[in-house]
S.K.: 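Here it is, the structure in full.
Quick note: residue numbers are just sequence positions, from 1. Predicted model, so just to flag it, every value in this text is computed and none were measured.
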Amino acid sequence: MRRIRIQLAYDGTDFHGWQVQPGLPTIQGTLESVVGEIEGRPVHVAGSGRTDAGVHALAQVAAFSIENPIPLPNLRKAMNRLLPVSIRVLSCEETAADFHPRFQAVAKTYEYRIVRAEVCPPWEWRYVHHHPYPLSLDRMQSCAPLLEGEHDFTAFAASDSRDEEGKTKVRTIFGSRLESQPDRLIYRVRGSGFLKHMVRNIVGSLLEAGRGNLDESGLRAMLVPGCGQKAGPTAPAKGLFLIGVEY
């Protein structure tokens with residue numbers, strides 16, 4: 001058996017997220033169908049994380065095991081020939097038999113894109129959150145770094161099917177910054193891992209700060225275990241990109 005690690009990019013607009021769901025198009029399900037066709041049997045494709053419906057990726061990492069001796073360059077070409085154009089395999093490499101893209105990841109980076117112009121260019125509509133309304137950039141930029149460090153992010157997490165397992169919602173954020181560019185805002189966050197809707201809820205909270213509805217003390221209060229307060233509202237999925245996974 002060969003363990004294959006791939007890096008891929010995808011437009012998540014027309015998919016119901018990463019994870020396989022019966023009867024629905026997903027990134028994982030599409031990849032498993034294609035790899036299974038190449039291998040001639042069902043193949044499980046593991047990813048570095050479960051991106052939500054509508055979320056995009058510039059550099060998602062996945063892995064699978066096959067017996068097919070096909071050379072790596074030919075495997076990449078074969079996968080891209082069979083995949084829809086909204087999913088592209090950027091690279092293939094052989095890796096250790098026990099490599100798991102989720103359990104062995106040490107950091108991930110996400111980027112959220114907000115267009116501030118009065119009119120959103122139509123070719124960007126699928127990939128940004130259009131918010132042309134007044135915002136205090138200073139308040140948003142002062143709140144963003146407060147998320148750095150090790151915190152309980154329960155207030156920023158949507159309910160998850162794995163909640164019953166009682167796993168911790170403490171995560172470490174290595175960097176949290178909001179950058180202002182002409183007619184747009186770019187929020188970039190790098191952390192040890194992320195909970196369901198966590199980044200989108202962080203962005204929603206930063207937008208609330210920009211509107212004057214949340215200040216630094218209010219954001220700090222959300223990071224206190226057992227605060228009972230929920231962040232948000234959740235920013236739209238289409239502005240979010242997984243841009244890197246580190247090992």
S.K.: Side chains of Leu147 and Phe153: closer than 4.5 Å at any heavy-atom pair?
M.R.: yes
S.K.: Start with the C-alpha gap between Met198 and Lys169, add the side-chain angles, then the distance that decides, and say whether side chain to side chain contact (heavy atoms under 4.5 Å, CB included) holds.
M.R.: CA-CA 10 Å; Met198 178 173 157; Lys169 295 192 176 180; over 6 Å; no
S.K.: If you compare all heavy atoms of Ser142 against all heavy atoms of Pro145, which two are closest, and at what distance to 0.1 Å?
M.R.: O-CD, 3.6 Å
S.K.: Kindly indicate whether the side chain of Ile186, heavy atoms from C-beta on, has any atom under 4.5 Å from the side chain of Ile114.
M.R.: no
S.K.: Answer yes or no: is there a donor N or O on one side and an acceptor on the other, between the side chain of Glu111 and the main chain of Tyr187, under 3.5 Å?
M.R.: no
S.K.: If two hydrophobic side chains count as joined below 4.5 Å and joins carry through other members, does Ile6 share a cluster with Trp18?
M.R.: yes
S.K.: Working to the nearest 0.5 angstrom, can you tell me the gap between Glu208 CD and Asn213 CG?
M.R.: 4.5 Å
S.K.: Any pair with a residue in residues 79-97 that passes salt bridge (charged side-chain N to carboxylate O under 4.0 Å, His left out), sequence neighbours left out, goes on the list, sorted by first then second residue, please.
M.R.: Arg2-Glu94
S.K.: Say whether Ser65 and Arg3, considering side chains only, have a donor N or O and an acceptor N or O under 3.5 Å apart.
M.R.: yes
S.K.: Should Val170 and Glu150 count as side-chain neighbours, where that means a heavy-atom distance under 4.5 Å?
M.R.: yes
S.K.: State, to 0.1 Å, how close Val203 and Ala235 come at their nearest heavy-atom pair, and which atoms those are.
M.R.: CG1-CB, 3.8 Å
S.K.: Are Asp215 and Leu219 side-chain neighbours, meaning at least one heavy-atom pair lies under 4.5 Å?
M.R.: no
S.K.: Between Tyr247 and Val61, is any pair of side-chain heavy atoms under 4.5 Å apart?
M.R.: yes
S.K.: Identify whether Val245 and Ile243 are in the same connected component of the hydrophobic contact network (ILVMFWY, side-chain heavy atoms under 4.5 Å).
M.R.: no
S.K.: If you take the centroid of each ring, where Trp contributes its six-membered ring, are Tyr110 and Phe194 closer together than 6.0 Å?
M.R.: yes
S.K.: Can Arg171 be said to sit on top of Phe156's aromatic six-ring, NZ or CZ under 6.0 Å from centre and within 45° of the ring axis?
M.R.: no
S.K.: Is there a path of hydrophobic side-chain contacts, each under 4.5 Å between heavy atoms of I/L/V/M/F/W/Y residues, joining Val189 to Leu137?
M.R.: yes
S.K.: With a 6.0 Å cut-off on the ring centroids, do Phe241 and Tyr112 count as close?
M.R.: no
S.K.: Scan side-chain atoms only and decide if His131 and Arg184 contain a donor-acceptor pair under the 3.5 Å cut-off.
M.R.: no
S.K.: Would you give the length of the straight line joining atom SG of Cys92 to atom CG of Leu75, rounded to the nearest 0.5 angstrom?
M.R.: 4.5 Å
S.K.: Side-chain donor-acceptor pair under 3.5 Å between Thr154 and Asp152, yes or no?
M.R.: yes
S.K.: Apply side chain to side chain contact (heavy atoms under 4.5 Å, CB included) to residues Ile87 and Leu8 and explain how you reach the verdict.
M.R.: CA-CA 7 Å; Ile87 305 175; Leu8 63 148; 4.0 Å; yes
S.K.: Salt bridge between Arg177 and Glu148, side-chain N to carboxylate O under 4.0 Å?
M.R.: yes
S.K.: Supply the atom-to-atom distance Leu135 CG to Leu206 CG, rounded to the nearest 0.5 angstrom.
M.R.: 10.5 Å
S.K.: Would Met140 end up clustered with Met222 when hydrophobic side chains under 4.5 Å apart are linked, directly or stepwise?
M.R.: yes
S.K.: For residues Leu178 and Arg188, determine if any side-chain heavy atom of one lies less than 4.5 Å from a side-chain heavy atom of the other.
M.R.: no
S.K.: Taking all heavy atoms of His100 and all of Gly47, pick out the closest pair and write down the distance.
M.R.: CE1-O, 4.5 Å
S.K.: Quick test of your reading of the model: are Glu216 and Arg139 salt-bridged, counting only N-O distances below 4.0 Å?
M.R.: no
S.K.: Give a yes or no on whether Leu58 and Val89 share a hydrophobic cluster (residues Ile, Leu, Val, Met, Phe, Trp, Tyr; joining criterion: side-chain heavy atoms under 4.5 Å apart).
M.R.: no
S.K.: Check whether any side-chain N or O of Lys238 sits under 3.5 Å from a backbone N or O of Gly12 as a donor-acceptor pair, and report yes or no.
M.R.: no
S.K.: Which value, rounded to the nearest 0.5 Å, describes the distance between Arg76 atom CZ and Ile70 atom CD1?
M.R.: 11.5 Å
S.K.: Could you report the tightest heavy-atom contact between Ala46 and Pro101, atom names first, then the distance?
M.R.: O-CG, 3.3 Å
S.K.: Does the side chain of Gln21 come under 3.5 Å of the side chain of Gln19 through a donor N or O and an acceptor N or O?
M.R.: no
S.K.: Are the side chain of Lys108 and the backbone N or O of Leu242 linked by a donor-acceptor pair below 3.5 Å?
M.R.: no
S.K.: Go through the steps for Asp138 and Ser136 under the test side-chain hydrogen bond (donor to acceptor under 3.5 Å, both in side chains), then give the verdict.
M.R.: CA-CA 5 Å; Asp138 289 342; Ser136 169; 5.5 Å; no
S.K.: Do the side chains of Asp14 and Arg126 get close enough for a salt bridge, i.e. N-O under 4.0 angstrom?
M.R.: yes
S.K.: Does any N or O in the side chain of Ser33 come within less than 3.5 Å of the main-chain N or O of Gly29, such that one atom is a donor and the other an acceptor?
M.R.: no
S.K.: Let me confirm one number: the OG-CG distance from Ser176 to Leu146, rounded to the nearest 0.5 Å.
M.R.: 8.5 Å
S.K.: Go through the side-chain N and O atoms of Gln60 and Ser48 and say whether any donor and acceptor fall under 3.5 Å apart.
M.R.: yes
S.K.: Determine whether Val45 and Val34 satisfy the following criterion, side chain to side chain contact (heavy atoms under 4.5 Å, CB included), listing intermediate values before the conclusion.
M.R.: CA-CA 10 Å; Val45 177; Val34 165; over 6 Å; no
S.K.: Has Glu118 got more than 12 heavy atoms of other residues, nucleotides or ligands less than 6.0 Å from its CD?
M.R.: no
S.K.: Please walk me through it: do His56 and Tyr127 pass ring-ring contact (aromatic ring centres under 6.0 Å, His included)?
M.R.: CA-CA 8 Å; His56 317 292; Tyr127 311 110; 5.1 Å; yes
S.K.: Would you say Thr30 and Tyr10 are linked by a side-chain donor-acceptor pair, where the criterion is simply a distance under 3.5 Å?
M.R.: no
S.K.: Do Ile4 and Thr95 come close enough that some side-chain heavy atom pair is under 4.5 Å?
M.R.: no
S.K.: Under the side chain to side chain contact (heavy atoms under 4.5 Å, CB included) rule, what do Phe64 and Ile66 come out as? Steps first, then yes or no, please.
M.R.: CA-CA 7 Å; Phe64 50 86; Ile66 58 174; 3.7 Å; yes
S.K.: First locate atom CZ of Arg5, then atom CD of Gln7, and finally report the distance between them rounded to the nearest 0.5 Å.
M.R.: 8.0 Å
S.K.: What pair of heavy atoms forms the shortest contact from Glu246 to Thr109, and how long is it?
M.R.: OE2-OG1, 4.1 Å
S.K.: With side chains defined as the heavy atoms from C-beta onward, is the minimum distance between Ile173 and His151 less than 4.5 Å?
M.R.: no
